[in-house]
Amino acid sequence: MKDRDSKAGSTASQIAGELSVEEIYRSYNRYAFSIAYRMLGTVADAEDAVQDCFAGLQQKELSGVLNIKAYLAKGITNRCLNILSSARSRRETYIGEWLPEPVSEAYDGPEASAERKDTLSYAFLVLLERLSPTERAVFVLREAFQYEYDAIAEMVGKSGSNCRQIFSRAKRTLQSKHLPPAAAGEGNPASREKLLRRFTAAFAAYDVGGMLALLAEQPVLIGDGGGQEVHTILRPMAGRKGVLALLTSRRVLQRMREWEVAVGSINGEPNLVFKQQGEVRAVLCLTLDRSGEQIQELYLVMAPGKLKHVSA
């Protein structure tokens with residue numbers, strides 16, 4: 001990582017010293033967005049953080065910047081920490097469960113090779129919600145973008161050893177939930193799509209046996225209706241019996257069976273998109289167990305404001 005950063009640093013120094021802010025923006029805005037989106041979980045907040053960061057460059061002297069990528073990452077991180085701190089109080093009053101905003105576009109750019117792609121998955125974003133703002137920032141910068149601890153320390157205002165401890169604590173927190181890794185089942189998209197189509201058929205037909213065969217031993221179903229914008233499941237449902245009852249009920253989620261459903265790429269993985277007359281009405285993201293053959297978690301997003309970046 002250090003060698004790669006050193007090589008990138010000389011190029012970045014030339015960019016920072018010789019190019020305009022507009023040219024830097026064109027080269028690095030998607031890289032900045034990919035950091036912000038992972039940290040914040042919503043497109044609008046991520047875009048605001050990116051715009052604010054690049055606007056701030058207008059008043060900065062950049063000729064002495066040796067690594068523009070790290071410089072931008074620091075600026076984005078600081079803005080995301082501020083947004084996360086204020087967002088926590090808003091989410092405490094959110095009616096029902098708050099889930100991240102799904103996206104169809106991968107937001108790949110020239111710097112995409114610096115990212116771990118599995119850290120864009122929807123399951124990964126949900127896991128990050130369990131961390132404090134600082135833990136989330138350190139974990140994203142280390143896990144998703146492979147920054148060294150000393151570089152992360154400068155970005156978050158901590159020591160390198162402290163960042164190492166924060167990362168270890170964050171990783172233990174996520175592992176303690178006994179959840180499968182974010183990339184579980186990702187290795188075989190064709191197999192995942194086949195499972196999604198089996199799920200779709202069982203769901204449409206109220207097929208108890210078919211659905212039971214698809215669910216893991218302890219599945220969890222979480223819905224987000226936008227804080228009562230749309231009626232959905234207010235509290236997480238855990239356990240086979242409860243999840244099965246919801247998915248095969250002739251009253252709950254009835255409208256979804258009237259909508260067109262298709263397999264679409266959501267956060268880099270095949271998931272289910274529900275549409276009505278060409279308009280996206282819901283997204284269902286599934287996490288598979290370690291075998292990749294059964295469904296461990298179901299995340300149902302019906303909040304209209306969180307479906308704007310899902311392709312119909």
Side-chain angles (χ1 to χ4, degrees), residues 1-87 101 103 105-117 119-120 124-125 128 131 133-160 163 166-167 309:
M1 180 66 188
K2 288 181 179 178
D3 290 341
R4 185 171 64 198
D5 276 352
S6 175
K7 293 175 183 177
S10 60
T11 303
S13 176
Q14 182 181 13
I15 292 174
E18 299 180 5
L19 300 183
S20 67
V21 172
E22 289 75 14
E23 290 169 316
I24 296 174
Y25 176 81
R26 285 197 295 272
S27 296
Y28 290 97
N29 76 92
R30 287 188 176 268
Y31 179 70
F33 178 89
S34 64
I35 295 175
Y37 174 66
R38 284 170 172 84
M39 287 196 189
L40 300 173
T42 64
V43 173
D45 285 342
E47 289 176 339
D48 286 346
V50 171
Q51 293 296 332
D52 188 38
C53 180
F54 280 99
L57 294 185
Q58 301 281 1
Q59 287 77 45
K60 303 289 185 179
E61 173 54 57
L62 300 177
S63 59
V65 175
L66 298 179
N67 188 331
I68 190 63
K69 281 175 62 179
Y71 186 82
L72 289 171
K74 179 180 180 179
I76 287 293
T77 298
N78 289 333
R79 285 161 176 81
C80 288
L81 286 172
N82 291 334
I83 294 172
L84 283 172
S85 296
S86 61
E101 179 179 353
V103 295
E105 190 177 355
Y107 291 96
D108 293 338
E111 299 299 327
S113 59
E115 308 170 23
R116 272 187 51 195
K117 293 305 177 188
T119 65
L120 186 64
F124 182 81
L125 293 183
L128 292 179
L131 304 178
T134 300
E135 287 174 335
R136 184 166 182 159
V138 171
F139 194 79
V140 166
L141 291 168
R142 178 66 178 172
E143 187 78 359
F145 296 92
Q146 303 161 44
Y147 276 99
E148 299 291 340
Y149 288 112
D150 288 343
I152 298 172
E154 188 174 345
M155 295 177 197
V156 300
K158 307 282 185 180
S159 68
C163 285
I166 292 171
F167 177 81
H309 296 274

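Throughout, residue positions are numbered sequentially from 1 according to the sequence presented. Quick caveat, the model's predicted, so the values are computed rather than measured.
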## Note on the structure
Rounded to the nearest 0.5 angstrom, the CG-CD distance for Asn29 and Glu22 is 12.0 Å
### Task
Mark yes when over 12 heavy atoms from residues, nucleotides or ligands other than Glu154 sit less than 6.0 Å from its CD; otherwise mark no.
no
### Closest contact, heavy atoms only, Thr119 versus Phe124
O-CD2, 2.8 Å
#### Entry: Counterpart residues, side chain to side chain donor-acceptor pair (under 3.5 Å), relative to Thr134 (two or more places apart)
none
Distance-only check: which donor-acceptor pairs under 3.5 Å involve side-chain atoms of residues 136-144, not counting sequence neighbours?
| unit_1 | atom_1 | unit_2 | atom_2 | d |
| --- | --- | --- | --- | --- |
| Arg136 | NE | Arg38 | O | 3.3 |
| Arg136 | NE | Met39 | O | 2.6 |
| Arg136 | NH1 | Glu129 | OE2 | 2.5 |
| Arg136 | NH2 | Arg38 | O | 3.0 |
| Arg136 | NH2 | Met39 | O | 3.3 |
| Arg136 | NH2 | Glu129 | OE2 | 3.4 |
| Arg142 | NH1 | Tyr147 | O | 3.1 |
| Glu143 | OE2 | Arg116 | NH1 | 2.6 |

Side-chain donor-acceptor pairs of residues 75-83 under 3.5 Å, sequence neighbours excluded:
| unit_1 | atom_1 | unit_2 | atom_2 | d |
| --- | --- | --- | --- | --- |
| Thr77 | OG1 | Ala73 | O | 2.7 |
| Asn78 | ND2 | Lys74 | O | 3.3 |
| Arg79 | NE | Asp52 | OD2 | 3.0 |
| Arg79 | NH1 | Gly75 | O | 3.0 |
| Asn82 | ND2 | Asn78 | O | 3.4 |

### Message
Quick check for you: to the nearest 0.5 Å, what is the distance between Asp150 atom CG and Met155 atom CE?
### Response
11.0 Å
### Query
Tyr71: what forms a ring pair (Phe, Tyr, Trp, His ring centres under 6.0 Å) with it, not counting sequence neighbours?
none
### Message
Any heavy-atom pair between the side chains of Leu72 and Tyr31 that's under 4.5 Å?
### Response
no
### Message
Show the nearest heavy-atom pair for residues Ala46 and Phe33, with the distance to one decimal.
### Response
CB-CE1, 3.6 Å
### Query
Distance from Asp45 atom CG to Tyr37 atom OH, nearest 0.5 Å?
12.0 Å
### Task
Report yes if the side chains of Phe167 and Ile152 come closer than 4.5 Å at any heavy-atom pair, otherwise no.
no
#### Entry: Qualifying residues under ring pair (Phe, Tyr, Trp, His ring centres under 6.0 Å), relative to Phe54, sequence neighbours excluded
Tyr25
### Qualifying salt bridge (charged side-chain N to carboxylate O under 4.0 Å, His left out) pairs, either residue in residues 53-65, two or more places apart
none
### Task
Looking only at non-hydrogen atoms, find the nearest pair between Ser159 and Ala153 and report the distance.
C-CB, 3.6 Å
### Query
To the nearest 0.5 Å, what is the distance between CG (Leu128) and CG (Leu84)?
10.0 Å
